[in-house]
Structure formats: C-alpha cells, structure tokens
Amino acid sequence: MISSPLKSEGIESFKISDQNNEETIEKEEAPYFEYKILDGKTIHDNTIEKTFSIVALSFKPNNKWRLFDGENIFGALINDQKFLEEVATGEKRFAKDDILVCQFRMKQTIEDSKLKTEYSVEKVIDHRNTPKQPTLLSK
C-alpha cells in the first residue's frame, strides 16, 4: 500500500534529501504528485477505416489474421461474423495480394503495469480480389 503523508492530518510539508539535494513539498502541492493506478484500464480505443493486404489468414475460430497496411504487419482478430461465415462456406475466396477494406479497431490497455495493444477487424467493408493479368496468346 502506498502512503500519502501530505493527506494526513497535521502534516504540512514533506522533505526529501540526499547528500547533495533537498526538496520540500508543501501540502498545497500534493495534487501535483498524485497518480492513478491504470492496471486493467483502457487508455485508448479507436476504430477507423483502413485498407490491408492479407499476409496470412486463419480458418480456425479466434485465430488472428496477419494484415499489412503498407508499413506494418498486424495480427488481428476478425470479429465480422457475416464475413467469417462467407469464408467458411467458400463464398469468399482469396488470392495473393487481395485487399480488405475494414473497420479496424486498436485498443490499448495497461495490464500488470505494461502497455498492451489489441487489433481487430470489426467489419469487412470490401474484399477486393487482385486483378489478374490476362495471358497473351501468340499466333
């Protein structure tokens, strides 16, 4: 448990010193030194439209797909159930360099005093198959 001496009745200042320095904190300065325990708290949760190419996909439920946005590769859960059903039934087929336009969510939390970031695709807006160059026939 962390103590807050300046919040105690009768204490007006708190002094810290070592061989070279001495600092005094007055009771009215105490709010400047307060902190919040963030463990388990969401500190950032944002959903944006983003376009990805598929690096690797998974047919196993709750496995992450690897998506590339042109700069970074993300491991993301696909939470769009309709899209996953279309994948499972074969209605959606994939080829190298296919593009997904998505509602992409990034959620950051603090857990065990460490930053944790989770990525997910909340909705697949569009699946664009890569155009294939036609084969030229010679005569």
Side-chain angles (χ1 to χ4, degrees):
M1 183 172 186
I2 298 173
S3 175
S4 298
L6 290 173
K7 289 186 177 181
S8 300
E9 190 176 323
I11 296 179
E12 298 301 318
S13 65
F14 182 78
K15 189 181 287 189
I16 301 170
S17 63
D18 64 14
Q19 294 173 351
N20 302 320
N21 298 307
E22 181 176 293
E23 291 292 330
T24 302
I25 302 166
E26 302 297 329
K27 189 174 209 75
E28 59 271 5
E29 297 175 299
Y32 298 113
F33 295 92
E34 290 180 1
Y35 68 95
K36 296 179 182 175
I37 297 174
L38 295 175
D39 269 1
K41 303 275 184 182
T42 298
I43 57 173
H44 184 78
D45 193 348
N46 190 27
T47 303
I48 61 170
E49 187 172 307
K50 199 162 175 123
T51 302
F52 296 98
S53 62
I54 302 167
V55 175
L57 56 85
S58 177
F59 295 107
K60 292 182 183 179
N62 299 318
N63 274 15
K64 293 181 179 182
W65 289 34
R66 293 177 45 81
L67 306 173
F68 179 65
D69 70 353
E71 289 185 4
N72 299 300
I73 295 176
F74 300 90
L77 285 175
I78 307 295
N79 291 331
D80 185 339
Q81 292 305 311
K82 181 176 183 263
F83 177 77
L84 290 174
E85 287 171 17
E86 291 171 348
V87 171
T89 61
E91 193 175 327
K92 293 285 184 192
R93 299 206 177 262
F94 301 95
K96 185 178 185 301
D97 299 324
D98 277 7
I99 299 294
L100 294 179
V101 180
C102 309
Q103 286 294 320
F104 181 72
R105 181 179 183 195
M106 181 183 77
K107 181 178 179 182
Q108 292 181 305
T109 56
I110 299 285
E111 293 187 20
D112 298 324
S113 300
K114 293 181 182 160
L115 185 63
K116 179 180 177 185
T117 304
E118 296 174 347
Y119 302 105
S120 60
V121 171
E122 298 303 308
K123 180 170 180 49
V124 175
I125 298 167
D126 191 18
H127 170 217
R128 299 178 188 162
N129 294 105
T130 306
K132 304 298 178 214
Q133 186 168 0
T135 305
L136 298 176
L137 300 174
S138 62
K139 288 187 174 188

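Computed over heavy atoms, backbone and side chain alike; hydrogens, waters and symmetry mates excluded. What you see is a predicted model, and the numbers here were worked out from it, not measured in a lab.
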Problem - Test side-chain contact (heavy atoms from CB on, under 4.5 Å) applied to N46 and H44, step by step - result: CA-CA 6 Å; N46 190 27; H44 184 78; 3.5 Å; yes
Practice task
Take F74 and F52, measure what side-chain contact (heavy atoms from CB on, under 4.5 Å) needs, and give me the verdict at the end.
Solution key: CA-CA 10 Å; F74 300 90; F52 296 98; 3.8 Å; yes
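Using a 4.5 Å cut-off on side-chain heavy atoms (C-beta onward), I110 and I43 make contact. The shortest distance between side-chain heavy atoms of T51 and I99 falls below 4.5 Å.
T47 pairs by the side-chain hydrogen bond (donor to acceptor under 3.5 Å, both in side chains) definition with nothing, not counting sequence neighbours. Taking the side chain to side chain contact (heavy atoms under 4.5 Å, CB included) definition, one finds that E118 meets it with K107, K116, sequence neighbours left out. Every residue two or more places apart in sequence or in another chain that forms a side-chain hydrogen bond (donor to acceptor under 3.5 Å, both in side chains) with K50 is listed here: D69. Not counting sequence neighbours, D97 has no partner by the salt bridge (charged side-chain N to carboxylate O under 4.0 Å, His left out) test. Among residues two or more places apart in sequence or in another chain, the salt bridge (charged side-chain N to carboxylate O under 4.0 Å, His left out) test is passed with K15 by E22. Under the side chain to side chain contact (heavy atoms under 4.5 Å, CB included) criterion, L57 pairs with I54, F59, W65, F94, not counting sequence neighbours. Residues satisfying the side chain to side chain contact (heavy atoms under 4.5 Å, CB included) test with N20, not counting sequence neighbours, are D18. Residues satisfying the salt bridge (charged side-chain N to carboxylate O under 4.0 Å, His left out) test with D126, not counting sequence neighbours, are R128. Remark: N129 pairs with D98, H127 by the side chain to side chain contact (heavy atoms under 4.5 Å, CB included) rule, at least two apart or across chains. Residues that satisfy the side-chain hydrogen bond (donor to acceptor under 3.5 Å, both in side chains) test with T117, not counting sequence neighbours, are Q108.
The same ILVMFWY cluster, assembled from side-chain heavy atoms under 4.5 Å apart, contains both I11 and I25.
K27 contributes a side-chain N or O that, together with a main-chain N or O of S8, makes up a donor-acceptor pair within less than 3.5 Å.
For residues 52-64, no residue pair satisfies the salt bridge (charged side-chain N to carboxylate O under 4.0 Å, His left out) rule, not counting sequence neighbours.
Within 6.0 Å of CD in E26 there are more than 12 heavy atoms belonging to other residues, nucleotides or ligands.
Across all non-hydrogen atoms, the minimal contact from C102 to I125 is C-CD1, 3.9 Å.
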Which pairs would a plain distance check flag for residues 76-84, meaning a side-chain donor or acceptor within less than 3.5 Å of a matching protein atom at least two apart in sequence or in another chain?
| unit_1 | atom_1 | unit_2 | atom_2 | d |
| --- | --- | --- | --- | --- |
| N79 | ND2 | E122 | OE2 | 2.9 |
| D80 | OD1 | K82 | N | 3.2 |
| D80 | OD1 | F83 | N | 3.1 |
| D80 | OD2 | V124 | N | 2.7 |
| K82 | NZ | E86 | OE2 | 3.3 |

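Residue R66 holds its CZ atom at 12.0 Å from OG of S58, rounded to the nearest 0.5 Å.
Under the 6.0 Å cut-off for aromatic ring centres, Y119 and F104 qualify, their centroids lying closer than that.
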